[in-house]
Amino acid sequence: MKTLSGIMSKQSKLDYIESCRARYPSRNRAGKSAMIDEVSDTLGLERKHTIKVLNGHVSLGQEAKKRGAKPIYGEAEKLVIVTIWKSSEQPCSTRLKEMLPLWLNSYERRHGKLESKTRQLVLSCSSRQLDRITKDHRAEGSGRIGRKVGRRSHRIKQSIEIKIPGIF
């Protein structure tokens, strides 16, 4: 059977779907099945996709709903976390989580009292979330900062032993 989806304009398809969506919930099982077949044939959609369209779970090209969890931490909480992170010499997120309660009092003395909700959100932040918040502020580089221990220092020690026997 030839579908009408190639003949219908986009607006007429949307109007047709809206009229079917309004009638779909009030039908019994047999009526819903017949409507699914009708819409599938008319628009040339798969049966499962037609069910999603009629239940309103497909956006049909309009602005789709944003998926995932809603953001919990606002700009105020992020600012507090990043400021404390930078002041405490940028520790890893696991250490930062343990340090936050200690540094929060100092932050409040310097920058003013925080709202109780903001304070509670900062303290309840997980170490993984702290990683995500501080990600944009991290310096790009090799990753490890500080004294390098390894083969080179071992070779230097060996060369000193060879030159001056008996000291080590």
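As the structure is a computational prediction, the values presented were derived from the model and not from experiment.
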Any side-chain donor paired with an acceptor under 3.5 Å for [X] and [Y]?
X: Thr94; Y: Arg128; result: no
X: Thr134; Y: Arg138; result: yes
X: Thr50; Y: Ser40; result: yes

message = Walk me through whether Ser126 and Gln129 qualify under side-chain contact (heavy atoms from CB on, under 4.5 Å).
response = CA-CA 5 Å; Ser126 70; Gln129 188 66 36; 3.4 Å; yes
Examine distances only and state if a side-chain atom of [X] and a backbone atom of [Y] form a donor-acceptor pair shorter than 3.5 Å.
X: Trp85; Y: Pro91; result: yes
X: Lys78; Y: Ile133; result: no
X: Ser93; Y: Asp131; result: no
X: Ser87; Y: Thr83; result: yes

Would you compute the distance between atom [atom1] of [X] and atom [atom2] of [Y] and round it to the nearest 0.5 angstrom?
X: Met35; Y: Tyr24; atom1: CE; atom2: OH; answer: 9.0 Å
X: Leu104; Y: Leu114; atom1: CG; atom2: CG; answer: 5.5 Å
X: Asp37; Y: Thr42; atom1: CG; atom2: OG1; answer: 10.0 Å
X: Ile81; Y: Arg132; atom1: CD1; atom2: CZ; answer: 12.0 Å
X: Arg27; Y: Ile36; atom1: CZ; atom2: CD1; answer: 10.5 Å
X: Arg119; Y: Glu108; atom1: CZ; atom2: CD; answer: 4.5 Å

Checking side-chain contact (heavy atoms from CB on, under 4.5 Å) between Ile17 and each of Val58, Leu45, Val53, which is the one that passes?
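Exactly one option meets the side-chain contact (heavy atoms from CB on, under 4.5 Å) with Ile17, and it is Val53.
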For this session: Begin from the C-alpha positions of Arg21 and Glu18 and carry the test salt bridge (Lys or Arg N to Asp or Glu O under 4.0 Å) through to its verdict.
Result: CA-CA 5 Å; Arg21 274 185 186 164; Glu18 285 305 315; 3.0 Å; yes
Heavy-atom side-chain proximity of Ile51 to Lys32 below 4.5 angstrom: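 Result no, sub-4.5 Å side-chain heavy-atom pair not found.
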Review point. What's the verdict on side-chain contact (heavy atoms from CB on, under 4.5 Å) for Cys20 and Leu54, showing C-alpha distance, side-chain angles and the deciding distance?
Key: CA-CA 7 Å; Cys20 290; Leu54 292 174; 3.7 Å; yes
Would you indicate whether Glu38, at its atom CD, is surrounded by more than 12 heavy atoms from other residues, nucleotides or ligands within a distance under 6.0 Å?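 Result for CD/Glu38: enclosed.
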Please determine whether the number of non-hydrogen atoms from other residues, nucleotides or ligands lying under 6.0 Å from atom CZ of Arg95 exceeds 12. no
